[in-house]
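Here the structure comes first, spelled out in structure tokens, and everything after it is commentary.
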Amino acid sequence: MVSGLELRDVTVRYGDTTALDGVSMAVAPGEVVALLGPSGSGKSTLLRAIAGLEPLVEGTILWDGADLAAVPTHKRGFGMVFQDGQLFPTMSVGRNVGYGLTHLPKAAQRARVTALLELVGLPGLEHRRPTELSGGQAQRVALARSLAPSPHALLLDEPLSALDPGLRRRLADDLALILRETHTTAVYVTHDPEEAERVADRVVTLSPPPAG
Amino acid sequence: MKIRIAVAALAALGLAACGGPAPEAGPGSGPATTPGTQAPTESKTLTVVTHDSFALPEDLLKKFADETGYEVTYVAPGEGTSLVNQLILTKDSPLGDVVFGIDSTLASRALREGVVVPHVADAKVIDGLAAEGLTPVDFGDVCVNADSAWFAANDVPVPTTLDDLTAPAYKELFVVPSPTSSSPGQSFLLATIGAKGDGWVDYWKALEDNGVKLAAGWSDAYYTDFSGADGKGPRPLVLSYATSPAYTVDGDASTTEALLGTCIRQVEYAGVLAGAQNEVGAAKFIDFLLTPEVQATIPENMYMYPALDGVALPDEWAKFAPLSDEPIAIDGAQIDTGLEDWLRTWAEQIG
Amino acid sequence: MTKAAWRAAWVAAALLPAAFLAVFFAWPAANLVVQGFRDDGVWTPSGFAAVFSSARTWRAVGFTLASAGATTLLCVLLGLPGAHALYRCRFPGRDALRAAVTVPFVLPTVAVGVAFGALLREDGWLGWLGLDGTPVAIVAAMVFFNYSVVVRTVGAMWARLDPRLAQAGATLGAGPLRVFLTVTLPTLAPAVLSAAALVFLFSSSSYGIVMVLGHGRFHTVETEIWFLTTQLLDLRGAAALSVTQLVIVALALWATGRAQAGLTRALTLQPDVGATRRYDARRDLPALAATLATALLLLGLPIANLVWRSLHRGGALTLANYSELATATVQGASPWRALGTSLTTALAATAIAVPLGVLVALVASRRPRRPSARRALAAVEAAYLLPLGVSAVTVGFGYLITLNRPPLDLRSSLILIPIAQAVVALPLVVRSLLPTLRAVDPRQLEAAATLGSPPWSVLARIELPHLTRGLGLAVGFAFATSLGEFGATSFLARPDNPTLPVLVVRLFGRPGAESYGLALAATVVLAGLAGAAMALAERARPEEVTAW
């Protein structure tokens with residue numbers, strides 16, 4: 001049995017366009033893999049396919065040897081950080097971070113939220129609203145939120161692209177540190193090779209599928 | 001931008017405040033032309049105010065317009081109480097020159113409020129219809145109607161009196177239009193007051209206990225709830241007119257009949273409006289309404305009996321739509337003082 | 001054009017529609033209400049005391065609030081699945097279904113009252129439910145009218161909601177139901193509130209439905225005003241109730257204004273991402289099934305029943321009711337001619353309402369710097385909705401006693417009916433045009449200015465083309481509502497030249513099977529025309545016009 005994440009010949013189509021054509025790769029437990037590629041190569045699509053948000057035309061996705069085909073997104077246990085955070089605007093920071101923790105008793109939830117906010121360098125911001133945060137802060141909260149339920153793996157879809165270069169570099173370093181500290185298995189999509197080197201253990205390049 | 005709101009608000013308030021020597025709803029205070037002291041007014045146009053059910057053949061109306069040379073317009077702002085109330089509200093700037101459709105229950109109020117100028121046409125009308133200052137044009141009986149076919153099929157005797165309607169044998173069989181929203185309904189209310197005197201509220205409560213259904217208007221009751229009409233509704237007793245059975249004739253008998261012991265007579269009057277701009281024309285119109293040609297068309301067009309003495313009736317009417325010999329009577333002056341209170345009491349306790 | 005001339009033009013643009021509403025709406029209504037506070041020349045609020053000490057009044061207020069509340073709740077519950085099915089899914093026939101669902105909004109109350117009455121009677125198709133004459137029938141008819149308000153408003157926002165928000169919830173372990181309740185619904189709140197406030201406004205001022213389906217047993221504030229004014233001539237009582245109704249309406253308007261502002265803010269934050277996906281049975285079947293059930297049972301069944309009954313006379317299937325529409329006459333007017341009159345007055349009303357609505361939309365879409373000015377504009381926009389909520393009796397009667405002196409003695413004039421209809425149509429025109437102007441990115445206007453365009457040129461070349469996109473909808477909407485308008489028109493009736501809704505009511509009041517059948521056929525024609533006009537208008541609806 002191969003532990004960790006494994007993709008075999010994954011193919012995704014939108015109508016007549018092929019977004020992914022026979023992609024195979026493996027991510028070992030605790031490994032951070034960066035997915036590099038030009039736009040249109042299907043990086044985001046691959047991430048979404050792993051999360052269960054895109055149906056596969058062909059191929060399989062396995063976690064610890066188990067086929068995930070029949071498992072819906074909310075049961076896969078893969079966290080996701082989006083490019084613009086996607087924090088829930090009607091909830092406070094604390095409730096955002098605690099969203100995936102409903103299986104824990106209230107006291108444990110609060111404790112975990114506090115711990116994670118400290119981890120991402122934003123202690124004490126539980127009661128702020130997402131609209132009151134800066135771009136960098138919002139992305140840190142998004143990271144905290146997705147790490148809170150201790151996911152099997154974390155999928156990051158260009159999480160730093162919307163930030164300015166100075167902030168990006170600082171946050172990339174922080175991110176690398178946090179992912180290592182928490183031993184998170186992660187797939188990190190970016191178009192910036194330097195960032196990929198900073199954050200990931202291994203860089204994989206995705207080439208666009210042949211036309212048609 | 002703020003200027004605009006201020007302007008609009010001021011306009012509304014200012015114009016409303018000086019919007020008029022508002023016609024007060026009090027005893028007659030409008031400028032009434034007293035006949036005899038000034039020459040009656042005349043103009044090229046004649047505005048006729050009627051109730052909703054006014055209908056005469058177009059060629060007769062055209063003939064009137066041609067012969068008198070007036071430009072005639074017809075306005076129909078409502079029926080029954082609604083019509084009279086609008087006349088009262090617009091007293092100092094009347095809606096038209098002549099009104100047709102003031103019925104007997106409201107005649108004295110119209111006169112008291114000074115809405116009409118006394119004028120009676122010179123024609124010979126049937127006895128008992130005349131009223132002071134107004135000219136009777138047509139009349140009819142508002143009675144409870146029964147679906148004879150239904151009663152025969154269900155082997156139940158047809159009721160005859162108002163009291164019968166509260167008997168258990170006729171439970172949930174009666175539908176009546178609400179007196180607060182229907183002119184015949186109001187006539188029925190007056191019939192119950194005329195017949196029961198002060199005990200009329202108890203009578204209505206008894207009707208309620210016996211499952212009477214209230215409808216919004218006559219046509220709802222007759223066409224949707226009555227079993228003897230086209231709608232084939234569930235109830236075989238309905239408030240309608242003495243003439244209704246003439247329209248449910250099947251072969252040589254009618255499938256419905258009027259309960260003549262429950263009738264109240266309704267007379268419709270015409271009058272010259274106070275402050276009219278064409279009083280001469282108004283008088284001519286009233287005379288026109290009482291000519292034999294026009295009176296002869298009233299049965300077919302307005303489903304009422306002509307007031308003029310000696311006018312022939314359609315054949316079916318004589319056979320199937322006889323008038324009541326003894327309609328329930330109620331004093332006009334009594335109606336005038338009591339109508340509002342009665343309606344309020346009914347609305348509060350029953351409605 | 002000089003700056004002074006530009007300013008003057010704006011002032012004129014603002015004053016013209018304001019003057020129209022002031023003269024033809026505010027003044028007559030205010031006059032009648034003010035009447036009620038006078039007793040022989042002395043100002044007194046005794047009307048309030050008298051009216052509110054009557055148990056019947058409280059029953060009326062209670063029933064108004066209860067029925068409007070129930071209608072709003074049902075519309076939201078049914079409208080949410082409808083919004084999902086019709087705005088987030090793609091399937092063949094979706095656009096037709098969308099248009100069909102919108103048609104009921106403009107149908108004449110007379111037609112709807114008759115249709116529901118015929119359906120729910122003891123011997124009607126749904127008679128076994130025993131709902132005839134119950135409040136359920138009234139609420140059902142009001143939901144019939146207002147269902148599309150919720151579907152449209154919520155759907156348009158939902159379609160633009162970033163799908164990734166819900167996806168984020170899924171990656172955090174929340175199942176579809178939890179995501180809907182904790183993420184989607186709170187985000188849709190501005191749209192839901194905006195729609196709910198409108199539905200509450202419309203259903204709390206409903207008159208024809210309550211009269212016809214309530215069989216005179218249920219009273220709302222509106223029917224009580226009618227009763228007190230026309231039957232008892234109790235103007236003081238009627239005035240007290242009019243003021244009460246104004247308070248209820250103003251509160252609903254305030255709520256809808258706040259919610260509308262929230263909706264606009266929320267919408268501008270959405271990317272122009274289309275979130276519609278192809279129909280997927282697992283995900284969308286419940287919503288689609290609920291929507292189809294509503295469309296067929298609540299919306300389609302009464303209409304189908306109406307058409308069915310119009311094809312019968314004396315129990316036999318026949319086209320006689322339709323063929324006789326051209327020949328039969330009621331007081332000298334045939335239904336055919338009444339239809340012509342209706343079409344002419346509706347066209348005239350549209351010709352009055354649309355230009356005035358354009359002016360209001362232009363003024364209300366300005367973006368002043370000062371917050372006080374912005375608030376004032378928001379108040380103005382809400383104020384233009386008032387004609388929809390104020391009693392038709394108050395306005396109609398008001399016309400009779402105010403427009404009776406030269407130079408405005410219009411009571412017998414033919415122009416008064418289109419004016420009354422235009423007053424009712426104006427708010428709908430404004431709400432159809434305003435969003436198109438608001439959708440213009442202000443930076444585009446700034447760009448045009450930096451390229452040398454004077455203000456009037458920017459207006460003409462950049463903003464007006466946006467406005468014209470909403471014109472199709474505005475015209476169709478105004479025309480359809482004017483066709484079916486009855487409340488104010490019934491007071492200005494002309495027996496020799498009635499509009500079709502008025503004629504239909506008269507036909508219902510006459511004995512004889514032919515009259516009844518003719519009335520049904522005329523109702524079907526009326527409903528068909530209004531519906532067709534609305535369906536055409538819907539095709540011209542621009543995307544950014546989401547609500548009424």
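Residue numbering restarts at 1 for every chain, and letters A, B, ... go by the order of the sequence lines.
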Query - Those residues that, when tested against C:R375, pass side-chain contact (heavy atoms from CB on, under 4.5 Å) (two or more places apart) - result: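 Residues passing side-chain contact (heavy atoms from CB on, under 4.5 Å) with C:R375: C:P371, C:S372.
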Query raised in the report: For the residue pair B:T180 and C:F227, what are the closest heavy atoms and their distance?
Result: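 Taking B:T180 first and C:F227 second, the nearest heavy atoms are CG2-CE1, 3.2 Å.
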Requested in this report: Looking only at non-hydrogen atoms, find the nearest pair between B:N85 and C:T229 and report the distance.
Outcome: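 Minimum heavy-atom contact is ND2-O, 4.1 Å.
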Report task. Only counting residues at least two apart or in another chain, list the ones meeting ring-ring contact (aromatic ring centres under 6.0 Å, His included) with B:F188. Result ->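 ring-ring contact (aromatic ring centres under 6.0 Å, His included) list for B:F188, sorted by chain: B:F174, B:W204.
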Report task. Select one option (side chain, backbone, both, neither) describing which atoms of C:L228 are under 4.5 Å from chain B's heavy atoms. Result ->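 Contact with chain B: side chain only.
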Query raised in the report: So which part of C:T223 gets closer than 4.5 Å to some heavy atom of chain B, the side chain, the backbone, both or neither?
Result: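 Neither part, no heavy atoms under 4.5 Å.
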Query raised in the report: Does C:Q231 reach the main-chain N or O of B:T81 with its side chain, forming a donor-acceptor pair under 3.5 Å?
Result: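 Pair absent, no side-chain N/O of C:Q231 close to backbone of B:T81.
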Query raised in the report: Quick one: does B:E348's side chain have a donor or acceptor within less than 3.5 Å of a partner on C:A55's backbone?
Result: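 Answer holds: yes.
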Query - B:E340 side chain near C:L233 side chain, heavy-atom distance below 4.5 Å - result: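 They are not in side-chain contact.
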Query raised in the report: If you draw a 6.0 Å radius around CG in B:D250, do more than 12 non-hydrogen atoms from other residues or ligands fall strictly inside?
Result: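 For B:D250, atom CG is not crowded (no more than 12 foreign heavy atoms under 6.0 Å).
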Query - Over 12 foreign heavy atoms within 6.0 Å of CD, B:E208 - result: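 Yes, enclosed.
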